[in-house]
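Atom set for the values below is all heavy atoms of this structure, side chains included, hydrogens, waters and symmetry mates excluded. Numbers restart at 1 for each chain; the letters A, B, ... are given by sequence-line order, proteins then strands. Everything numeric here is computed off the predicted structure, so don't read it as measured data.
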Amino acid sequence: MNTILGHAGEKVLLMGNEAIARGALEGGVHVVTGYPGTPSSEVIMALSRISEKVGVKVEWFANEKVAFEVALAASNAGLRSMVTMKAPGLNVASDSIFSAAYCGVNGGMIILVADDPGPHTTQTEQDSRFYSILTGLPMLDPSSPQEAKDAVVWGLEISERLKLPVFLRTTTRVNHTTADIVLGDVKRLERKPIFPRDLPRYVRASMKWNYERHRWLDERMKTAEKISDNCPLNSLLLKGDFGIITSGVSYLYVVEVLKRLNVGDCSILKIGICNPLPKKLINSFLSHCKHILFVEELTPFLEFSIRAFSTLNENSPKFYGKLNGYLPFEGELNPSIVKDAVSRFLFSKPPHRESNDLEKFKVPSRPPPMCPGCPHRSAYYALLTAIRRLGYKREDVPIFGDIGCYALSLQKPLEAIWTEHCMGASISMALGLKFAGYDKPVVATIGDSTFFHAGLPALADAVHLKENIVVVILDNRITAMTGHQPHPGVEFKADGSKAVEVDIVDVVKGLGVEKVKVVDPYDIVSCIKVFEEALTNRNGVFVIIARRECALLARRMGIKLHSVHINYDKCVKCRSCISTFGCPAILWNDEKGPVIIPSLCNGCGSCSYICPFNAIEVEKNG
Amino acid sequence: MVEEFNLLVCGVGGQGVLTLSRIIALSALKSNFKVRVGETLGMSQRGGIVNSFVRFGKNVLSPLFEKGMADAVIALDYVEAARSLQYASKRTVFLVDSNTIPPLSTILGLESLPDLDHVKRFFKENAVKAYFFNAFSIASSLSLPTSNTVMLGVFGRLFQKIFDRNVLISALREIVPAKYVEKNIEAFQLGWRLMDDNVAF
Ligand SMILES: Cc1ncc(C[n+]2csc(CCOP(=O)(O)OP(=O)(O)O)c2C)c(N)n1
Ligand code: SF4
């Protein structure tokens, strides 16, 4: 039985993202969309397994902007919707969200955005709470999986009442925490989509209408202010005149730390809605407390807002927080950091900590490598070899990278990519360097999912300007890094059912690229030849599609192309296979030399090309 | 009733850390504890470090615990056991699979791999209780790819005052895919017996 389909009142174990998925069912959503991004992806992954059964439309889209607009149309048409994304995805969707604040929605709509203090898996430590102010939309900020589930249900209600999309902003420690959750009732709302024709509301071409809709939005937010104090995610505990204002998972750290420090008389205001702020609760806290500490992650959003807000009152308490050095701006909080800050605040000194000798043991680092048999490793190996064979030095030919598993190629021994900026930037930056007049070859490497997400416009420009750039599309037939979600280039949908495959070859040709070659990265010899041809091309854009299924996915489907072994009669223990290729399935044994671990090897066979003495022998599996 | 139990399950992507931590978390739920599991997913399949903080008891709220506060650590890789020492104190019990997937940096010869005896000695010198088992070879003998359910048996035996053996087995049945359940229960029983021998000493 799938626990997210449990009965109302049942207590089950759910991950935060599964709890959010359940919340969507309890809130009666009809449409759920998104683009994958850690730590948000499991919401759609959980829902797509049951979408048919529960009659909810659930799908991945090419990027967050598309996903948002698909959900927006559904909510404009009176259905309830949710869209999911990680924090950088909000930047991609934001253009559309600003306009959506002016037209509003008819059916409730939740925009889930997952921030990543730490960061654990994200390019920046963006604090998306500021988007609530920028766009003028309400935003909820839960601290646990249970609250996140309940916030979806409550958020859909107020969204529909206010006729505005509502943000649900989470952090990794909410999305990826698993906890006991009490389930509520699943709701089914029978609705048919009807798009109302209402020009001033949906057309942003008239400046008069835009001005009016801006006033409409501000009116709506006045109504929202009345609701804010009753947000179920807020809680107020008035005790002594030392108080803590906190939000998100930090609230849980605060409660546990106070208990551990045996402090029973500290007041606590937990704020679960960051726009509009619950002004009555804040005012009663400000008038009750003489000293207030802010405990929140990332940019001090509450601290900025409430310090400013308190200037409207005659007497202001004394404030402590990031602005006066009580907590760090960067990284995620944890119980130890919170304990230090709370102790300094309450007792004017950090807690006593015994020095721990146990931390002294030196352990080797373990950044995640590309999997054994990863086609990206073979493709980069071939590319670097081609660059070298043409007589270029490594530092002559910049390799612009992009976001995905292939970014792991930055590690030793390949150290291939020079940049990893944001989705799609590889092609535009390669173009930019050429445009600026760089006179040696320039390469962009981009994954298939990333290409559909944000690669197309830059490629069109490169064709248009006829700049000599080499674009390598690493087509592993999936969005691998985020947990293997489909994209427009594969033949299945989120629930595994059949979809139309948009062939990247056709797309690239359609954009006007004349030189297009498809290669199998496992065939390193042919790859090197094609890369050499591309790097010497002086006649516009050259696109190479390196096509081969993700090895981890192939492994899961039980595919192992080759059996690979080392012929120790031929092996001279030169170490090339290890030191130039870096496949984690080949270990070094001081007596034997290289050893292939059968349980780790995925049988790609690439290493047979690497060995200069042909000591690695492969046999095709039947 | 347990007030608060802080367990760290650690290892390397592909070793089954998350499955093991889920089984224990579900057992805790079935035993009517509050449960919080803090983990950061993303690299869990790709040979990166995987830490799962499993907390249960009457009073747990947050998904993380303070450094030094672990009651127990289950390490599916002995190098990761050593890395987890930062969460331990002298009252922590370590249950360790004495195998490792060597980090790439050590294969490349950029960093050195601490050998098992060296790690064992460090635990001994610092008076941290640690049990080492060749759990992976037991799993392999059952043609299982990971040792996580062997280590579940070890854990279950050591903490049999907290969890009923049948609760652990029924949680295992719910989490492990049906066709592998029986083999994993066998692994669990073997793990249980491994610890039996130790507890007798
Ligand atoms: C705007 C934005 N959305 C989502 C992500 C999360 N993300 C990181 S890599 C990636 C896609 C990887 O897919 P692909 O390009 O096919 O490369 P692969 O991992 O399969 O090698 C995604 C969606 C992000 N970093 N930024
Ligand atoms: S998951 Fe796939 S694409 Fe990512 S490193 Fe592994 S084999 Fe390569």
Give the member of Ser579(A), Ser41(A), Ser336(A), Ser143(A) that has the highest number of heavy-atom pairs under 4.5 Å with chain B. Ser336(A)
Does the side chain of Val79(B) come within less than 4.5 Å of Arg366(A)'s, by heavy atoms? yes
Would the number of heavy atoms belonging to other residues, nucleotides or ligands and lying under 6.0 Å from NZ of Lys90(B) be above 12? yes
Side chain, backbone, both or neither: which part of Met370(A) has a non-hydrogen atom closer than 4.5 Å to chain B? neither
So, taking the atom named CD1 in Ile597(A) and the one named CD1 in Ile101(B), what distance separates them when rounded to the nearest 0.5 Å? 9.5 Å
Heavy-atom contact with chain B under 4.5 Å, split by part of Ile586(A): backbone
Write down the atom of Phe122(B), the atom of Asp357(A), and the distance for their closest heavy-atom approach. CZ-O, 3.8 Å
Report which part of Val174(A) has an atom under 4.5 Å of a heavy atom belonging to chain B: side chain, backbone, both, or neither. neither
Residue Asp77(B) versus chain A: region with a heavy atom under 4.5 Å: side chain
If we define contacts as heavy-atom pairs under 4.5 Å, which of Tyr253(A), Tyr251(A), Trp588(A) has the most with chain B? Tyr253(A)
Heavy-atom check, side chain of Gln411(A) versus side chain of Leu108(B), under 4.5 Å: no
Of all of Lys412(A), Lys360(A), Lys362(A), which one pairs up most often with chain B through heavy atoms under 4.5 Å apart? Lys412(A)
Is Arg55(B) paired with Glu256(A) through a side-chain N to carboxylate O contact shorter than 4.0 Å? yes
Does any heavy atom of chain A fall under 4.5 Å from the side chain of Ser84(B), the backbone, both, or neither of them? neither
So which residues of residues 112-121 of chain B are in contact with chain A at a heavy-atom cut-off of under 4.5 Å? Ser112(B), Pro114(B), His118(B), Val119(B)
Closest contact, heavy atoms only, Pro584(A) versus Ile107(B): O-CD1, 4.2 Å
Charged N to carboxylate O below 4.0 Å: is that the case for Arg22(B) and Glu18(A)? yes
Using modelled atom types and a 3.5 Å cut-off, is there a donor and acceptor pairing between side-chain atoms of Arg83(B) and backbone atoms of Pro364(A)? yes
How long is the span from the CZ atom in Arg260(A) to the CZ atom in Phe65(B), to the nearest 0.5 Å? 10.5 Å
Do the non-hydrogen side-chain atoms of Lys259(A) and Glu4(B) ever get within less than 4.5 Å of each other? no
Contacting moiety of Lys339(A), where chain B heavy atoms sit under 4.5 Å: side chain
Examine whether an atom of Thr100(B) lies under 4.5 Å from a heavy atom of chain A, and if so say whether it belongs to the side chain, the backbone or both; otherwise answer neither. side chain
Can you measure from CG (Leu358(A)) to OH (Tyr87(B)) and round to the nearest 0.5 angstrom? 13.5 Å
d(Lys11(A) NZ, Leu29(B) CG) to nearest 0.5 Å is 7.0 Å
Can you find a heavy atom in the side chain of Val35(B) that is under 4.5 Å from one in the side chain of Thr178(A)? no
So which atom in Ala179(A) and which in Arg36(B) form the shortest heavy-atom distance, rounded to 0.1 Å? CB-NH1, 3.6 Å
Nearest 0.5 Å please: distance from the CG atom of Leu26(B) over to the OG1 atom of Thr3(A). 8.5 Å
Among Asp180(A), Leu587(A), Asn334(A), Val338(A), who wins on heavy-atom pairs under 4.5 Å with chain B? Asp180(A)
I'd like to check Glu39(B) versus Thr177(A) (side-chain heavy atoms, cut-off strictly below 4.5 Å). Are they in contact? no
Quick one: what part of Cys374(A) sits under 4.5 Å from any heavy atom of chain B, side chain, backbone, both or neither? neither
Select one option (side chain, backbone, both, neither) describing which atoms of Ser365(A) are under 4.5 Å from chain B's heavy atoms. both
Which bit of Glu42(A) comes within less than 4.5 Å of chain B, counting heavy atoms only: side chain, backbone, both or neither? side chain
Using non-hydrogen atoms only, which part of Pro39(A) is less than 4.5 Å away from chain B: side chain, backbone, both, or neither? neither
